[in-house]
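Right, one structure below, let's go through it.
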Amino acid sequence: MRKNIVAGNWKMNTTLQEGVKLAEEVNAAVNAADAKCDVIICVPFTHLAPINGVISGKLGLGAENCADHKSGAYTGEVSAPMVASTGAKYVILGHSERRQYYGENAEILRAKVALALENGLTPIFCIGEVLSEREAGKHFDVVKSQIEDGLFNLSAEDFSKLILAYEPVWAIGTGKTATADQAEEIHAFIRSVIAGKYGQEVADNTSILYGGSCKPTNAAELFAKPDVDGGLIGGASLKCADFMGIVNAF
Ligand code: 13P
């Protein structure tokens, strides 16, 4: 059966020293807690190797992105093999901030997903609509297209390795969370889209996380929904106590 997962996305926050300190704190807390879910922190590239050296046991490590090429003349890019060589096991791909500010489209994302999988990384693949799309009632179509265009080239075996994250863009960093019912409605829809392509078993085994202003105060209600398998946490992952409050919501 699918796993429950709480993953932090630190985004472009913390210096290396601050990040290592936060990772040490989270590592101690996660390993002391009887967590009922997998816990992952996704951190800036510069922090990956040093943080891999200070975490252990139940805490997993991921990157926030990787390049759409394997190696070569791509100044400033960081490849999937480089990420894997730090010890990281996960990589966030298709985050709305990457789609919006860095022009990442389905073609680029397909290349990134393929390279991540080839290098043994588990993609945490993000989808989600913007406010105008939700207000126009197009959110189901938008997420369906994002899944079809970004992922449906994969074999069932490869698709089964992914984690999905539904992140309504209007809820990211805004303090405005989707209600638990809104999250459940679209998570169940996402699962049905997966089932339509890969069958019910693959769909039932796919973890679908919710992201967007998830906090200790609303996590339990969201995670109680049958198709919400955890959270992808931005702001609240930058404070150990808040992040653990979400982890302990399971
Ligand atoms: P916030 O939790 O800060 O809204 O960010 C969500 C997010 O984008 C996680 O990837």
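All of these numbers come straight from a predicted model, not from anything done at the bench. Read the numbers this way: they start at 1 and go in the same order the structure lists the ligands and their atoms. Each residue takes its place number in the sequence, starting with 1.
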In K138, R134, H139, the residue satisfying side-chain hydrogen bond (donor to acceptor under 3.5 Å, both in side chains) with E129 is R134
So, Y198 versus F152, ring centres under 6.0 angstrom or not?
yes
Using a 4.0 Å heavy-atom cut-off, which part of N9 comes near ligand 1: side chain, backbone, both, or neither?
side chain
Mind checking whether A171 has a heavy atom under 4.0 Å from ligand 1?
yes
I'd like to know if A236 contacts ligand 1, where contact means a heavy-atom distance under 4.0 Å to any ligand atom.
no
Checking a contact table here: which protein heavy atom is nearest [atom], and how many Å away?
{"atom": "atom 3 (O) of ligand 1", "answer": "G235 N, 2.8 Å"}
{"atom": "atom 2 (O) of ligand 1", "answer": "G234 N, 2.9 Å"}
{"atom": "atom 5 (O) of ligand 1", "answer": "K11 NZ, 3.3 Å"}

Would you call the rings of F223 and F250 parallel, tilted or perpendicular, taking 30° and 60° as the class edges?
parallel
I'd like the name of whichever of E167, K176, K215 reaches closest to atom 9 (C) of ligand 1 through any heavy atom.
E167
Pair up each side-chain donor or acceptor in residues 229-237 with any protein partner under 3.5 Å, not counting sequence neighbours, and list the distances.
from : atom 1 : to   : atom 2 : distance (Å)
D229 : OD1    : R2   : NE     : 2.7
D229 : OD2    : R2   : NE     : 3.2
D229 : OD2    : R191 : NH2    : 2.8
D229 : OD2    : I208 : N      : 2.8
S237 : OG     : I233 : O      : 3.2
S237 : OG     : G234 : O      : 2.7

ILVMFWY cluster, I147 and V142 together (side-chain gap under 4.5 Å)
no
